[in-house]
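Ligands are counted one by one from 1 in listed order, and the atoms in each one are counted from 1 as well.
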Amino acid sequence: MSAATLNINLEAIAENWRALAKIAQVETAAVVKANAYGLDAGRVARHLAAAGARQFFVAVAEEGVALRRALGSGPAISVFSGHMAGDAEMIKGANLTPMINSVDQMLRHVEALPAHPFGLQLDTGMNRLGMEPAEWSALRDIALAQNPVLIMSHLACADTPDDPMNESQRAVFEDMTQGLDVPLSLAATGGILLGADYHYDMVRPGVGLYGGLPFEQALPVVTLDIPVVQIRTVATGEKVGYSNGWTAPNPSRIATVSAGYADGLIRAMGGKARMHANGVAVPVVGRVSMDLITVDVSELKGDPETLQLIGAHQSVDDVAAFAGTIGYEILTGLGARYHRVWSA
Ligand SMILES: *Cc1c(COP(=O)(O)O)cnc(C)c1O
């Protein structure tokens with residue numbers, strides 16, 4: 001087999017969920033948008049439901065329909081993008097809870113699906129989704145009369161605890177929800193770690209479940225082992241890869257492994273990335289190509305059958321740093337070609 005193996009540890013995801021729930025001490029949902037950050041929303045959500053999760057969030061209604069099929073009728077599934085034109089049938093059929101983002105969405109919802117449960121999303125300063133304070137003042141009484149099941153907002157800077165934006169958004173959220181008898185939610189993974197003031201009635205972790213920062217205590221969830229297709233010896237001065245990207249400074253052994261940027265291993269990581277063989281780090285050399293990466297394995301004693309990019313020695317966030325991006329992008333970009341193995 002030459003496809004790389006991506007191992008996804010479902011029980012580690014459940015452990016991370018329990019750990020975040022223990023910190024939050026309130027209802028702990030699970031965000032499984034983007035196919036559970038690339039790890040399979042159906043499998044992840046079923047495992048989390050078995051561990052006790054009762055609330056799931058997706059980005060768009062289509063994801064909610066697929067998730068409902070996987071989960072059955074028990075757990076709540078909420079949709080961040082709210083109620084978009086054409087969504088009514090999906091929202092009704094799959095019993096989804098849209099998080100209403102605007103007056104337009106509110107009207108659309110009550111016209112198409114009167115009495116169907118919904119939540120409200122408020123903009124407390126991120127300027128991405130949700131109603132701004134002025135819009136909310138105008139709609140507030142009408143919306144509250146329809147009995148929303150949740151009022152939520154989202155923090156822009158929660159991965160930076162000292163950023164004054166966190167406290168400022170929390171103050172705006174307090175202001176906009178003062179005196180309401182509706183469950184409230186403000187925190188995703190970063191917000192959970194900011195402390196109890198940010199927890200309210202429900203928290204909505206995503207990346208922390210999947211082993212990513214800012215949840216430093218997270219158990220690692222994925223390992224990625226890439227088969228070595230060939231190993232060759234190159235003499236001093238020989239070149240490796242596209243554009244002669246690397247020149248051997250010494251006689252070297254070069255392993256060619258079977259994954260590349262088509263598998264989400266971002267081309268920009270070439271020149272910085274490392275891989276591991278039984279815990280020994282070896283440098284990626286030359287350009288990352290579509291299906292192949294070249295690695296200088298001169299330091300290794302034998303010939304490895306696989307090299308590991310993500311695992312105990314190197315996290316998703318370490319790999320992200322090589323490419324100048326964040327763990328979220330590496331996870332959600334993990335390619336379709338991997339041989340995926342889910343372990344519980
Ligand atoms: C993606 C998202 C989350 C989860 O965020 P993480 O940083 O992955 O924990 C929570 N709430 C909203 C509105 C989101 O868009």
Determine, for Glu11 against Arg18, whether the closest basic-nitrogen to carboxylate-oxygen distance falls under 4.0 angstrom.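 Answer for the salt bridge query: yes.
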Which N/O atoms of ligand 1 sit under 3.5 Å from a protein N/O, and at what distances?
unit_1: ligand 1; atom_1: 7 (O); unit_2: Tyr328; atom_2: OH; d: 2.6
unit_1: ligand 1; atom_1: 8 (O); unit_2: Tyr37; atom_2: OH; d: 2.5
unit_1: ligand 1; atom_1: 8 (O); unit_2: Val207; atom_2: N; d: 2.7
unit_1: ligand 1; atom_1: 9 (O); unit_2: Thr189; atom_2: N; d: 3.0
unit_1: ligand 1; atom_1: 9 (O); unit_2: Thr189; atom_2: OG1; d: 2.5
unit_1: ligand 1; atom_1: 9 (O); unit_2: Gly206; atom_2: N; d: 2.8
unit_1: ligand 1; atom_1: 9 (O); unit_2: Val207; atom_2: N; d: 3.4
unit_1: ligand 1; atom_1: 11 (N); unit_2: His154; atom_2: ND1; d: 3.4
unit_1: ligand 1; atom_1: 11 (N); unit_2: Arg204; atom_2: NE; d: 3.1
unit_1: ligand 1; atom_1: 11 (N); unit_2: Arg204; atom_2: NH2; d: 3.1
unit_1: ligand 1; atom_1: 15 (O); unit_2: Lys33; atom_2: NZ; d: 2.7
unit_1: ligand 1; atom_1: 15 (O); unit_2: Arg128; atom_2: NH2; d: 3.2

Any chance the rings of Tyr200 and Phe173 have centres within less than 6.0 Å?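 So the answer is yes for these two rings.
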Quickly, which of Val222, Val316, Val44 forms a side-chain contact (heavy atoms from CB on, under 4.5 Å) with Tyr210? Name it, please.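 When side-chain contact (heavy atoms from CB on, under 4.5 Å) is applied between Tyr210 and each of Val222, Val316, Val44, only Val44 qualifies.
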Between the side chains of Arg204 and Ser185, is a donor N or O closer than 3.5 angstrom to an acceptor N or O?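 Ser185 and Arg204 do have a side-chain donor-acceptor pair below 3.5 Å.
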Can you tell me if Asn7 and Ser343 form a side-chain donor-acceptor pair at under 3.5 Å? yes
According to the side-chain hydrogen bond (donor to acceptor under 3.5 Å, both in side chains) rule, which pairs have a member within residues 265-279, sequence neighbours left out?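 Counting only pairs at least two positions apart or across chains, no side-chain hydrogen bond (donor to acceptor under 3.5 Å, both in side chains) contact touches residues 265-279.
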